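Written below as structure tokens is the structure these notes are about.
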Amino acid sequence: IPCAALLVTGFLFFPSAGRDDAHITCWAAHSLADSGQILNYNGERVEQSSSLLQVLILATLEVATGVDTLTLAKLSSIFFGLLTVFGVFTLAGRMAGPPFAFAAALLSSLSVYFVYWSFSGMESSLAACAGTWLLVAAADYVSGRSHGRITWAVAAMPAFLAVRPESPILLFAVLACAVVAVVVKAAMSHGAKTTRGQILVRLHFLLLLCVALSCALLLFRWWRFGKLFPEPVTAKCAGLSYEAIRFGAKYIGDALFGNNPFMTVLSWVTIAGLIVVLFVELSAKTLNLHASLVLLYIAGYAMFTVLSGGDWMEGGRFLVFCLPVAVALIPVALSRLSRRLMPLVISTVLLVAMQAAAVIEFARYSSVSLPIWSTPPSGEDYAGYSW
């Protein structure tokens, strides 16, 4: 049901969503599929795409299927949006149980910014997918759950590190803060020392793995392209400054509390859910590692957005990377307050209605996509274009 909701909403309101930046990545992928090398438009060794993982996926799909790269980008971004919904369901299930997990998946699948960028052909939904499944795998492994095999965490980590330029720094910060949180919580409580020791050992292993894989990725880029980061980072990053922080904070404020009143209400509800889960985790005797890693992940991406100065594109693109798991904390917060289903059902119905209104408002005033029923502007020849 949540996956169907994402598909129907996206195809109706945002069938041609996103910006032409998708072509930047598509060219790099087409070059890799065609010549075996990642080249820019001039045929030079320049990493013009922000997402190495998306380049590798699209190139592999093009070689395997022979389908046009742009079509593959469009369809794969929708697919990774759906896979993110499955990840949110799994993650929320670990934290709250099946009924709350369903509500979390439904609310995430109808989040307007997430739906919009899932139909863009860009890496936004892929980044959200990689982050969500890494949180599941890492928390399962660290907490010692029966299905938390180390292989899942080891497989998920390189995918996440390669999906966005900021991923190595972000993941290192999240894992390092998780170590500090476990140590502080252990000092404040009297839990089993053996369990705490095992958790810290596993966290330190993931931290060392993150450093090793990040160094390998940086060395590969230096060897192949002569730079440690993709070209968009070099072109856009002006370093830390008051102006960048001001623009980044304004970017978050505009995306969450801008001219869409329904999005404003949803943003406040999401923030309230984050606060409730944070308060419960701080007051609990033992850490819920799934909730703790999610909170740190959201805080990390919020900090990145502020320090980087935000983004020029519409629809809170930088927030989409963590938005599905942030929205998922609303039902998780309800589960911490009451295990009764009636409050969950009522709040979910109200929030779904609010999300539908937010989608219509965004499609009307902010989206660059044409709804499926719209008539293209007169005087233009659209016969040669697909959806």
Side-chain angles (χ1 to χ4, degrees), residues 2-87 109 114-133 155-156 158-160 162-164 224 230-232 313 315 317 320-321 367-372 374 376 380-387:
C3 288
L6 186 150
L7 284 175
V8 170
T9 305
F11 274 113
L12 286 179
F13 291 95
F14 313 120
S16 57
R19 292 283 181 173
D20 57 0
D21 290 53
H23 291 253
I24 299 174
T25 296
C26 287
W27 174 264
H30 176 68
S31 171
L32 179 59
D34 187 54
S35 66
Q37 300 183 74
I38 298 177
L39 305 173
N40 77 337
Y41 288 118
N42 297 333
E44 299 172 345
R45 284 190 180 182
V46 174
E47 190 180 7
Q48 67 181 33
S49 171
S50 295
S51 181
L52 179 61
L53 179 62
Q54 190 184 21
V55 169
L56 297 176
I57 290 174
L58 291 181
T60 302
L61 291 175
E62 183 177 350
V63 171
T65 65
V67 176
D68 178 75
T69 317
L70 291 170
T71 302
L72 291 172
K74 186 77 169 182
L75 295 177
S76 64
S77 70
I78 298 171
F79 170 77
F80 287 117
L82 298 175
L83 200 57
T84 303
V85 173
F86 276 100
S109 69
F114 176 62
V115 178
Y116 179 75
W117 288 106
S118 291
F119 279 73
S120 69
M122 294 175 65
E123 84 281 358
S124 303
S125 59
L126 176 59
C129 178
T132 302
W133 282 106
F160 178 74
V163 76
R164 289 278 308 170
R224 192 65 186 172
E231 196 66 26
M313 299 184 195
R317 186 172 69 102
V320 170
F321 308 144
S367 168
V368 299
S369 176
L370 289 174
I372 200 70
S374 296
E380 301 289 343
D381 180 16
Y382 289 91
Y385 295 90
S386 71
W387 58 272

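These numbers come from the heavy atoms of this one structure, side chains and all, not from hydrogens, waters or symmetry mates. This structure is a prediction, so every number in the text was calculated from the model and none was measured.
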(request) Take Glu47 and Val55, measure what side-chain contact (heavy atoms from CB on, under 4.5 Å) needs, and give me the verdict at the end. (result) CA-CA 10 Å; Glu47 190 180 7; Val55 169; over 6 Å; no
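- Using a 4.5 Å cut-off on side-chain heavy atoms (C-beta onward), His23 and His30 make no contact.
- Not one N or O on the side chain of Gln54 forms a donor-acceptor pair closer than 3.5 Å with the backbone of Ser124.
- Interatomic distance, CG of Leu83 versus CD1 of Ile78, reported as 14.0 Å (0.5 Å rounding).
- With Leu32 as the fixed residue, the side chain to side chain contact (heavy atoms under 4.5 Å, CB included) test singles out one of Leu39, Leu58, Thr60, Leu56: Leu56.
- At least one side-chain heavy atom of Pro15 sits under 4.5 Å from a side-chain heavy atom of Ser369.
- A search for ring pair (Phe, Tyr, Trp, His ring centres under 6.0 Å) contacts involving Phe160 returns nothing, not counting sequence neighbours.
- Ser76 places a side-chain N or O within 3.5 Å of a backbone atom of Ala73 that can act as its donor or acceptor partner.
- Side-chain contact between Phe114 and Val85 is present, with heavy atoms from C-beta onward closer than 4.5 Å.
- Summarising the geometry, atom CD belonging to Glu231 is positioned 10.0 Å from atom CD belonging to Glu44; distances are rounded to the nearest 0.5 Å.
- Looking at Trp133, its side chain never comes within 3.5 Å of a backbone N or O of Ala156 through a donor-acceptor pair.
- Taking every heavy atom of both residues into account, Ala5 and Ser109 meet most closely at CB-OG, 4.0 Å.
- Between Val115 and Phe13, the closest side-chain pair of non-hydrogen atoms is not below 4.5 Å.
- For the pair Ser31 (side chain) and Gln37 (backbone), a donor-acceptor distance under 3.5 Å is present.
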(message) Let's go through Arg317 and Arg19 carefully: what are the C-alpha distance in whole Å and the side-chain angles of both, what is the deciding distance for side-chain contact (heavy atoms from CB on, under 4.5 Å) to 0.1 Å, and is it a yes or a no?
(response) CA-CA 11 Å; Arg317 186 172 69 102; Arg19 292 283 181 173; over 6 Å; no
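- Side-chain contact between Leu7 and Leu82: present, with at least one pair of heavy atoms (C-beta onward) separated by less than 4.5 Å.
- Nearest approach of Gly121 to Ala22, heavy atoms of both residues: O-CB, 3.9 Å.
- Across Thr84 and Ser125, no two heavy atoms sit closer than the pair OG1-O, 3.4 Å.
- Two residues are said to be in side-chain contact when any heavy atoms from C-beta on lie closer than 4.5 Å; Glu123 and Leu53 fail this criterion.
- Met122 CE to Ser50 OG: the interatomic distance, rounded to the nearest 0.5 Å, is 7.5 Å.
- Residues Thr132 and Gly87 come closest through the heavy atom pair CG2-C, 3.4 Å.
- Considering only heavy atoms from C-beta on, Val163 stays 4.5 Å or farther from Phe321 through its side chain.
- A distance of 11.5 Å separates CG of Leu75 from CZ of Phe80, quoted to the nearest 0.5 Å.
- Partners of Tyr41 by ring pair (Phe, Tyr, Trp, His ring centres under 6.0 Å), not counting sequence neighbours, listed by chain and number: Trp27.
- Tyr116 meets the ring pair (Phe, Tyr, Trp, His ring centres under 6.0 Å) test with Phe14, Phe362; sequence neighbours excluded.
- Of all the heavy atoms in Thr69 and Cys26, the pair that sits closest is CG2-O, 3.5 Å.
- Between the CZ atom in Phe79 and the CG atom in Leu126 there is a gap of 10.5 Å [rounded to 0.5 Å].
- Closest approach of Val320 and Ala128 over heavy atoms only: O-CB, 3.7 Å.
- One N or O on the side chain of Ser77 and one on the backbone of Lys74 form a donor-acceptor pair closer than 3.5 Å.
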